[in-house]
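Residue numbers begin at 1 in each chain, while the letters A, B, ... track the order of the sequences. Values in this document were obtained by computation on a predicted structure and should not be read as measured data. Both backbone and side-chain heavy atoms feed into the values below; hydrogens, waters and symmetry mates do not.
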Amino acid sequence: MAERSFAREVQDLRLGAGDVFRGEGILAVTKALLQSGVGYVAGYQGAPISHLMDVLSDAQGILGELRVHFESSASEAAAASTLAASVNYPIRGAVTWKSTAGTNVASDALSNLASGGVLGGALIVIGEDYGEGSSIMQERTHAFAMKSQIWLLDPRPNLPSIVAAVEHGFALSEASNTPVMLQLRIRACHVHGSFAAKDNREPGFSLAQALENPVRDPQRIVLPPASYVHEQEKVRSRWPNAVRYIREHGLNETFEGDVAEVGIITQGGMYNGVIRALQGLGLADVWGATRIPLHVLNVTYPLVDEELVGFCAGKRAVLMVEEGQPEFLEQALNTVLRRADVATRIAGKDFLPMAGEYTAQVLGDGIAGFLGRYAPEVTLAAAPDARPVLAGALAQALAQTVPARPPSFCTGCPERPIFAAMKLVQQELGPHHITGDIGCHLFALNEPFNIGSSTMGYGLGSSSAAAFQVPAGKRALSVMGDGGFWHNGLVNGVGNAVYNKHDSVTVIVDNHYSAATGGQDLLSSRAEPKGRSTNHPIEAAVRGVGATWVRRVDRTYDVARMRDVLREALTTRDAGPKFIIASSECMLNRQRRERPIFAAAVKRGKRVVKPRFGVDEDVCTGDHACIRLSGCPSLSTKPSGDPLKPDPVVAIDNSCVGCGNCGEVAEAAVLCPSFYRADIVHNPGRVERVVAGVRQRVIGWLQAWRAARVLAVG
Amino acid sequence: MARPICIAITAMGGQGGGVLADWIVSLAEAGGWVAQSTSVPGVAQRTGATIYYVEIIQVPSGVFPVLALMPVPGDVDVVIAAELMEAGRAMQRGLVSPDRTVLIASTHRSLAMVEKIKPGDGVADSGPVLAAAAGLSRRFLAADMQAVAERAGSVISAALFGALCASGALPFGRAAFEAAIRDAGVGVGGSLAAFAGGYDAVLAPVQEVARPVAGAVGVAGPAGEQAAFSAAMRRVAAEFPSAAQEMLGHGLRRAADYQDAAYGHEYLDVVARFAALDGAENGFALTVEAARQVAVAMAYDDPIRVADLKTRASRAARVRGEVQAGADQVVETTEFMHPRVQELVATMPAWLGAALERSGLATRVLRAVFERPRRVRTATVWGFLQLWLVARLRPRRRGLLRHGREMAHMAVWLGAVERQVGRDYRLAIEMLACRRLVKGYSDTHARGAGKFDRVMAAVALVEGRADAADWVRRLRDAALADEDGTMLDGAIATVRTLEHPAHA
């Protein structure tokens, strides 16, 4: 079960002609898929496209009615391979993932798919995770599109344009026998807007029909000599067919303006930013009317030479607005105009930065520079500019005080005690080389843990230690999450380590979900979602590929045991790879699951116990060692209120979920006796009340006895 | 020329910034406006700083607006910050401009990791943020929205929505705002209460209620002890300069509460040695610092003190309040203790403890039978009794091994300070203040004591310099900056490179 429920949004998927769909960009894509008669959808979750997967996961009913097959793929490679169904049959299929991370994983299948080509429309919805808020390396999907010859749509970031891109994407794919990528940037995925809905369509040709009437065409398979033919087909027929479709259906848009001697060519996804920048310069209004002519590439690959030549011809200069690097479009535009012998000057990365996100301010500066050079007669308004304010003393002083706030482990996260234990074991055995992976556990890189020296990709934590298999006084230690384990790590991590007789230690963090991507279920999840097979233990898989040194810690909050198992793995004389499976449920999901049940039980008058942790402020000395080992958001500091104690004391706020980590850490590290656990008993029984009353009386007597004998000054 | 109203919400993941953005969208759409919102959920939602952005505009029929997907610096009408430092971050991003922006901020602090992990006080100064907020915005509305929300049993987003309504920055009435909350249909009652609280809070900011200073002294115990304590309080007034009396009052209360009234008198005797060396020309700064640090040193943290504090009647009441337990709920407390042989031996009579310490065998045996994590259930009679019996050792504390060592350590330290007063008054004060480094229990205590000893040893390196006091203060700050003393090592290395006045 994912972190967020889409029960309400699922109902919006039923909207039909005459209705207005309101919602997020990525949900509009989902609706557009159903309107396009898609036959199957697969994908691998990850921001910013997780919601597409989550909403379809919650929409089994509608998908069943429309006979649409939906799969949560094991990885992007599996998702991309799913598109094989569109190779031989006229079935529309869509897959989705986060790019470029996911596209890297999917590339093997994508290359094969693109080489042989498709019969049914094949659409790849790419969440382009670039710029602010991105969690991955800053690269462009554009390069993948070019090298495999997959068409790349980059629509204007509003819901009607995005929906149109889905519908045209399938048709373009079918017209050119080529898979199509639909690229959506982070904010476009999460943009709230509306569009006029259409009726959903059942696929015209079903998967069952295909199974019952199989077709094969060896010419579609990548095996010589067909593979040589594929390359020729790509350039001789598929490419021209695609260009024809793009031109005939007007996928790219031109907006005229009165300053005709210059123009701007932009990726569709940059359009709103360009308009806002032009507004700032007084050259456009909020309705999109512009004085500078714009040519908007809703398709950024392939380019339509005739359209570009037509737009540029007669202009003094054009500015190419292309986010990211290298500047593939600018280079291509130069070639296009040179071949057509058009002398228009092409500006681009000379006025705009080569790397980094194109914010409205960056775009405004670039456009102003471009116009200053090539259209100096145009009067520019003074665009909004925060820089003078930021240069002032008041703003400058902020740099000294505003602390960085990177994302971190949630309150009660079961992964935190694992890294506390690693910190403790390193205090005993000295620092070790620790390789990280992709997942929430990567937050251990930051304070207070400072753990992890590399991360090579999803499920690759263990294999990133592959070189360190030489005799030495210390072993390498690797971290891998359950998400990464099932994505890739079982083979490339565990299998690789067993086969090559590694000597290092791998900790597999089993929090029952693919937590970092939004809490989706996995093979090893303890839940039993309808239509999925779960509860397949990681330990069985690890042993199944031949690992023998395997330890399980079934409650990660037991910091002392976690530390002892780590110590054993790092120091044992046993040869071969050592695996520690550390299991406890992701607290975010656990709270979401348990909180309503708990509240209902309290309401019903049932006896339930809620644990909470606290700190005795007069016992705490303000050293904060516990915070350095725990890092829980609910564990913070407050002024001591004691003039003899200048440093702030530790305090636990009401977001505490009572996981017990702080107490366990204090115990395992022998920190201090300040922590207490308070078990709050809701609806206590009568016997319990009486016992509590008796205890209270005895304790009260003991307190009174002492109060009469020693001085107390409060 | 028509322009949208641009609203940026800066928050931490988990604060409900998305809910607030959704309310604004629904408010605008219900009013017939077009709204566009964007966010960057992703990993930022895991407690990191994040931003939500909304543009709303009234649209004539037949046209569609082109709205931005991220805030443009210098061009934002309303900034809502769900935490004070996030308001600072919004200003650093240029989202707040003097000619345009209404800044609505919650003044509460949710400390960032870097502020919490310092062994000393790492909390960032709110002053520059408040100054910038007042100076850089067109209008600055602020209140502790977290407290408002907690009082209403709701979340901060609802309180901030109320503040947004009160600001008048959006052309919608209060009824429309409240309808947006009702339409969303989740936790409506609590949200509306927090909304009302937020609305009122920014219009008529409530004065922060100051923490009650421990002025009213509650004294309890045997009559003789109470009388002796009163006598000690009179000594403070009669024998010490008025500048130091407040701190002496705090120190005396601590010492007497820690041991007994006689200990309070001993405390005054020690501080009196410094008062005798001090003078009005210095404002009695040395006496004030001695009053503070001698109390800390005399009331060292030991198992008896911990047991004493954890078994008082006032403590049980405080716990119930902290965990917000209702009258009809039973609260059971469990203490997390991990006593080591060191603590056990130190809590024995000096002769016995010292003998056991010398015997390796005895230590090993004791470790085997005694040392283990203990979870003491102080809500039960037996659990309570264990701690109560430890606390009963209090009258015998003066004869215990630990006490002898603490007093000897204090004597050496105070002797060094006394010798310094005549030579370098400021340096003497800094040497007193270094007692702040000794804190915590077990290894933490050992580490702190080690840092204290190293800084005190470094005094010899700077003695005689005009800026000796400044160097010792810097060393102390360095010692408090990190756990393992890396900064202190660096600082001491720097001190070693200084030219010693003797060789100058």
I'd like to verify something: which residue of [options] has the highest number of heavy-atom pairs under 4.5 Å with chain A?
{"options": "B/P222, B/P128, B/S442", "value": "B/P222"}
{"options": "B/V34, B/V319, B/I51", "value": "B/V319"}
{"options": "B/M247, B/R3, B/E322, B/R320", "value": "B/E322"}
{"options": "B/G221, B/P71, B/A87", "value": "B/G221"}
{"options": "B/G88, B/S37, B/A325, B/A112", "value": "B/S37"}
{"options": "B/L252, B/V63, B/V323, B/V72", "value": "B/V323"}

Checklist entry - Could you go step by step and tell me if A/R187 and B/S39 meet the side chain to side chain donor-acceptor pair (under 3.5 Å) rule? => result CA-CA 6 Å; A/R187 283 164 192 273; B/S39 61; over 6 Å; no
Would you check if [X] and [Y] make a side-chain contact, meaning some heavy-atom pair closer than 4.5 Å?
{"X": "A/V191", "Y": "B/Y53", "value": "no"}
{"X": "A/V402", "Y": "B/M91", "value": "no"}
{"X": "A/R276", "Y": "B/P4", "value": "yes"}
{"X": "B/V219", "Y": "A/L711", "value": "yes"}
{"X": "B/P119", "Y": "A/R628", "value": "yes"}
{"X": "A/L702", "Y": "B/L385", "value": "yes"}
{"X": "A/R706", "Y": "B/T311", "value": "yes"}

Item to check | Closest non-hydrogen atom pair between B/G74 and A/A386, with its separation | outcome: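 Heavy atoms only, the tightest pair is N-CB, 3.8 Å.
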From [X] atom [atom1] to [Y] atom [atom2], the distance as rounded to the nearest 0.5 Å:
{"X": "B/R109", "Y": "A/S636", "atom1": "CZ", "atom2": "OG", "answer": "8.5 Å"}
{"X": "B/T380", "Y": "A/I699", "atom1": "OG1", "atom2": "CD1", "answer": "7.0 Å"}
{"X": "A/D647", "Y": "B/R436", "atom1": "CG", "atom2": "CZ", "answer": "4.0 Å"}
{"X": "B/I117", "Y": "A/T637", "atom1": "CD1", "atom2": "OG1", "answer": "11.5 Å"}

Item to check | Qualifying residue, where the test is ring-ring contact (aromatic ring centres under 6.0 Å, His included) with B/F336 and the options are A/F613, A/Y676, A/F675 | outcome: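 So, applying the ring-ring contact (aromatic ring centres under 6.0 Å, His included) to B/F336 and each of A/F613, A/Y676, A/F675, only A/F613 qualifies.
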Proximity breakdown for [X] and chain A, heavy-atom pairs closer than 4.5 Å:
{"X": "B/Q324", "value": "side chain"}
{"X": "B/V59", "value": "both"}
{"X": "B/F384", "value": "side chain"}
{"X": "B/K118", "value": "backbone"}
{"X": "B/E29", "value": "side chain"}
{"X": "B/V296", "value": "side chain"}
{"X": "B/D75", "value": "both"}
{"X": "B/E371", "value": "neither"}
{"X": "B/L84", "value": "neither"}
{"X": "B/M113", "value": "side chain"}
{"X": "B/T378", "value": "backbone"}
{"X": "B/V123", "value": "side chain"}
{"X": "B/L95", "value": "neither"}
{"X": "B/R315", "value": "side chain"}

Next on the checklist: Please enumerate all residues that pass salt bridge (charged side-chain N to carboxylate O under 4.0 Å, His left out) together with B/R375, with sequence neighbours excluded.
Outcome noted: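 Here the qualifying residues are A/E664, A/E667.
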Item to check | Residue, of A/K645, A/R689, A/K98, A/E132, that accumulates the most heavy atom pairs under 4.5 Å with chain B | outcome: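 Most pairs with chain B among the choices: A/E132.
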Next on the checklist: I need the residue from A/G193, A/C672, A/P643, A/A708 with the largest number of non-hydrogen atom pairs under 4.5 Å to chain B.
Outcome noted: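 Most pairs with chain B among the choices: A/P643.
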Next on the checklist: Considering only residues two or more places apart or on different chains, which pairs with a residue in residues 392-409 of chain A satisfy salt bridge (Lys or Arg N to Asp or Glu O under 4.0 Å)?
Outcome noted: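 Sorted pair list: A/R405-B/E83, A/R405-B/E86.
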Checklist entry - Between B/E115 and A/H624, do the side chains contain an N or O donor and an N or O acceptor separated by less than 3.5 Å? => result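 No.
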Checklist entry - Hey, is the main chain of B/K439 close enough, under 3.5 Å, to the side chain of A/D623 for a donor-acceptor pair? => result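 The answer is no, because no donor-acceptor pair under 3.5 Å joins these two groups.
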